[in-house]
J.: 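Below is a structure I'd like to ask you about.
Keep in mind that what you see is a predicted model, and the values were worked out from it rather than measured.
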Amino acid sequence: MEVLHGYGISTTRYLQLHYGHAQGWFALASGAADLRTTFLVFFPICFHLHTAVGVKLLWVAVVGDWINLVLKWILFGERPYWWIQETLYYGNSTVPKIQQFPTTCETGPGSPSGHAMGAAGVYYAMVTSLLPLLLKEDGDPIKKWIFIAAHFPHQVIAGVATGIAVAKVFNRASWIYSATMRGYVHTTVFLLSFALGLYVLLDAASVDPHWSLVKAQKWCIRPDWVHLDTTPFAGLLRNTGVLFGLGLSLHLPMLMETKTGRYRNSAIYRLSCALATLLLLSLLDSFRPPVHTQALFYFLSFCKSATVPLTTVGFVPYCATVALNVYQRRNRVRENTLCQAT
């Protein structure tokens, strides 16, 4: 494994030396692959264009990231930016210097790559479901996470392969479109319980589940680059919050009118809902839960994440439908008044 890590450092060093001019593009690509972009941008657009695709996108993202969390706690993968500081692999040789960036200092274990796994699963789901002719990949996605020294190449490759596998499974999972509220609750509880159970088992076996956070805090060159929202628990509660919110928004009785209304198939209606949702979610994203108390941070992260599908699936379509109904009623009253007058 040390040899594999050494090769990974060499690859990172090569990319940083020869593609340094593309640093901004790599940072942008890394941000686009973040699940936050999936929840705040891709999901609203896909849901309002085609409801089933939006639902599948969230299932792929949530379950894929949960599997990633479990694998990270089992595989104990190193990350380049701290491994290079602790390894004895180079002996008396000169240790290569690699740069760190604001997105380098992820706090969870490194294998498999969560960004690569999430991006591969989400993009595969979108391409095979909605954009078979429009979406074209521009370049090698593996470079994006290796360049910033957040992952070794083998971790990125493993993430891509696992992410595509998850997306393929959900391409055949028709039950997610008819899942009941009870099903969503049971799935959310299971995901939380299994992950917490694994955490307890690791702790009981004298394995510190927070070992990677300690290394991140120790070896990141800037403490402000280490963020609580990159910890495994933050990801777990963010994802389960989104899934719970999706189930709740799909089964609220007050929203049944938006599912059967005469406007739902209108392209203008769907486009208007998508634009309004993107605007509201950008405002929601500006809210940052306080980090001084971890329990409060995790609770508010769950609630904030649940608000994303509630806004997308429920609040915006409901308000748009009500507004259009009021407008139509006023038009009918005005027409009736004119007819009576003549």
J.: For the residue pair P290 and L300, what are the closest heavy atoms and their distance?
T.: CD-CD1, 3.6 Å
J.: Can you tell me if CD1 on I268 sees more than 12 non-hydrogen neighbours from other groups inside 6.0 Å?
T.: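 12 or below, so no.
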J.: Against R238, only a single residue in F39, F233, F302 fulfils side-chain contact (heavy atoms from CB on, under 4.5 Å); can you say which?
T.: F39
J.: Do the non-hydrogen side-chain atoms of K218 and W82 ever get within less than 4.5 Å of each other?
T.: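 Not touching, per the 4.5 Å side-chain cut-off.
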J.: Minimum heavy-atom separation for A234 to Y298, with atom names?
T.: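 Taking A234 first and Y298 second, the nearest heavy atoms are N-CE2, 3.6 Å.
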J.: Measuring only between side-chain heavy atoms, which start at C-beta, is S212 closer than 4.5 Å to R79?
T.: no
J.: Surrounding OH of Y7 (heavy atoms of other residues, nucleotides or ligands, distance under 6.0 Å), is the total greater than 12?
T.: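 At most 12 heavy atoms, drawn from other residues, nucleotides or ligands, come within 6.0 Å of this atom.
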J.: For F43 and F47, what are the C-alpha separation, side-chain angles and deciding distance, and is it a ring pair (Phe, Tyr, Trp, His ring centres under 6.0 Å)?
T.: CA-CA 6 Å; F43 166 62; F47 181 85; 5.8 Å; yes
J.: Less than 4.5 Å apart, any side-chain heavy atom of F244 and any of L192?
T.: no
J.: Show the nearest heavy-atom pair for residues A116 and V160, with the distance to one decimal.
T.: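 Taking every non-hydrogen atom into account, CB-CG2, 3.9 Å.
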J.: Test your reading of the model: is there a side-chain donor-acceptor pair from R222 to the backbone of P102, 3.5 Å cut-off?
T.: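 A pair under 3.5 Å: no.
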J.: For a 4.5 angstrom cut-off between non-hydrogen side-chain atoms, does T51 reach R270?
T.: yes
J.: I would like to know whether H154 and M1 meet side-chain contact (heavy atoms from CB on, under 4.5 Å); could you show each step before the answer?
T.: CA-CA 10 Å; H154 69 279; M1 188 59 72; 4.2 Å; yes
J.: How many angstroms lie between NZ in K215 and OG1 in T107, if you round to the nearest 0.5 Å?
T.: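 One finds 14.0 Å between NZ of K215 and OG1 of T107.
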J.: Spell out, yes or no, whether L69 and L71 are grouped together once hydrophobic residues are joined by side-chain heavy atoms under 4.5 Å, including indirect joins.
T.: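 Linked within one cluster.
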J.: Has Q100 got a side-chain atom pairing as donor or acceptor with W219's backbone, closer than 3.5 angstrom?
T.: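 Side chain of Q100 to backbone of W219, a donor-acceptor pair under 3.5 Å: yes, one is there.
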J.: Search all heavy atoms of M126 against all heavy atoms of C46 and return the closest pair with its distance.
T.: SD-SG, 3.8 Å
J.: Taking E78 for the side chain and W83 for the main chain, is one N or O donor matched with an acceptor at less than 3.5 Å?
T.: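 Side chain of E78 to backbone of W83, a donor-acceptor pair under 3.5 Å: no, none is there.
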J.: Are V62 and W59 connected in a single hydrophobic cluster, I mean Ile/Leu/Val/Met/Phe/Trp/Tyr linked by side-chain heavy atoms less than 4.5 Å apart?
T.: yes
J.: Who are the side-chain contact (heavy atoms from CB on, under 4.5 Å) partners of H227, not counting sequence neighbours?
T.: D229, T230
J.: Hey, does V313 have a side-chain heavy atom less than 4.5 Å from the side chain of L250?
T.: yes
J.: Which pairs count as side-chain hydrogen bond (donor to acceptor under 3.5 Å, both in side chains) when at least one residue sits in residues 163-177, sequence neighbours excluded?
T.: K56-N171, T128-N171
J.: In this structure, would V308 and V185 fall into the same cluster of hydrophobic residues linked by side-chain contacts under 4.5 Å?
T.: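 Per the 4.5 Å side-chain linkage, V308 and V185 are co-clustered.
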J.: Working note: L58 + L243, criterion side-chain contact (heavy atoms from CB on, under 4.5 Å); need CA distance, chi angles, decisive distance, verdict.
T.: CA-CA 7 Å; L58 276 200; L243 189 64; 5.9 Å; no
J.: Once rounded to the nearest 0.5 Å, what's the spacing between atom OG1 of T104 and atom CD1 of I221?
T.: 8.0 Å
J.: Is it true that I176 and V166 fall in one hydrophobic cluster, defined by side-chain heavy atoms closer than 4.5 Å?
T.: yes
J.: Determine whether L280 and F315 make a side-chain contact, defined as any pair of heavy atoms from C-beta on separated by less than 4.5 Å.
T.: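 They are in side-chain contact.
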J.: Assess the residue pair L279 and S282 against the criterion (side-chain contact (heavy atoms from CB on, under 4.5 Å)); give the C-alpha distance rounded to whole Å, side-chain angles, the decisive distance to 0.1 Å, and a yes or no.
T.: CA-CA 5 Å; L279 175 61; S282 66; 4.2 Å; yes
J.: Kindly indicate, with the supporting measurements, whether the criterion side-chain contact (heavy atoms from CB on, under 4.5 Å) is fulfilled by L278 and I45.
T.: CA-CA 8 Å; L278 291 174; I45 293 174; 4.2 Å; yes
J.: Any chance you could measure Q99, atom CD, to L15, atom CG, to the nearest 0.5 Å?
T.: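 One gets 11.5 Å once the value is rounded to the nearest 0.5 Å.
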J.: Between H292 (side chain) and F297 (backbone), is there a donor-acceptor pair under 3.5 Å?
T.: no
J.: Could you give me the CA-CA distance, side-chain angles and deciding distance for H48 and T277, then say whether side chain to side chain donor-acceptor pair (under 3.5 Å) is met?
T.: CA-CA 9 Å; H48 290 301; T277 302; 3.2 Å; yes
J.: Flag the pair C303 / F299 as yes when at least one side-chain heavy-atom distance between them is below 4.5 Å, and no otherwise.
T.: yes
J.: Which residue, V127, D65, T37, T38, forms the side-chain contact (heavy atoms from CB on, under 4.5 Å) with V122?
T.: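 Only one option passes, and that is T38.
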J.: So how far is it from I9 CD1 to I84 CD1, rounded to the nearest 0.5 Å?
T.: 4.0 Å
J.: For the OH atom of Y81 and the SG atom of C220, what is their distance to the nearest 0.5 Å?
T.: 6.0 Å
J.: Any side-chain heavy atom of L252 within less than 4.5 Å of one from L310?
T.: yes
J.: Say whether, by atom type as modelled, one donor and one acceptor occur between the side chain of S305 and the main chain of N239 under 3.5 angstrom.
T.: no
J.: Parallel under 30°, tilted from 30 to 60°, perpendicular over 60°: which one fits the rings of Y199 and W73?
T.: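 Ring orientation of Y199 relative to W73: tilted.
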J.: Hey, what's the ring geometry for W66 with F190, parallel, tilted or perpendicular (30° and 60° as the breaks)?
T.: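 Aromatic pair W66/F190 classed tilted.
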J.: Which heavy atom of R36 sits nearest to which heavy atom of D285, and what is that distance?
T.: CD-OD1, 3.4 Å
J.: Backbone N or O of P232 within a donor-acceptor pair of the K72 side chain at under 3.5 Å?
T.: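 Flag not set: sc K72 to bb P232 has no pair under 3.5 Å.
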J.: Are I98 and V3 connected, step by step, through hydrophobic side chains (Ile, Leu, Val, Met, Phe, Trp, Tyr) whose heavy atoms are closer than 4.5 Å?
T.: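 Yes, one cluster joins them.
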J.: Quick check against the 3.5 Å criterion: does S249 have a side-chain atom that pairs as donor or acceptor with the backbone of L246?
T.: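 Yes, because the side chain of S249 sits within donor-acceptor range (under 3.5 Å) of the backbone of L246.
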J.: Given 3.5 Å as the limit, does a donor-acceptor pair link the side chain of T312 with the main chain of P309, or not?
T.: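 Here the side-chain-to-backbone pair does not exist.
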J.: Any side-chain to backbone donor/acceptor pair from T162 onto G159? Under 3.5 Å, distance only.
T.: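 No: the side chain of T162 does not pair with the backbone of G159.
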J.: So, for Y124 and A167, which heavy atoms are closest and what is the spacing to 0.1 Å?
T.: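 Nearest heavy atoms, Y124 then A167: CD2-CB, 3.5 Å.
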J.: Using a 3.5 Å distance criterion without hydrogens, assess whether the side chain of T293 forms a donor-acceptor pair with backbone atoms of L296.
T.: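 Flag not set: sc T293 to bb L296 has no pair under 3.5 Å.
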J.: When rounded to the nearest 0.5 angstrom, what is the spacing between OG1 in T231 and CD in E106?
T.: 10.0 Å
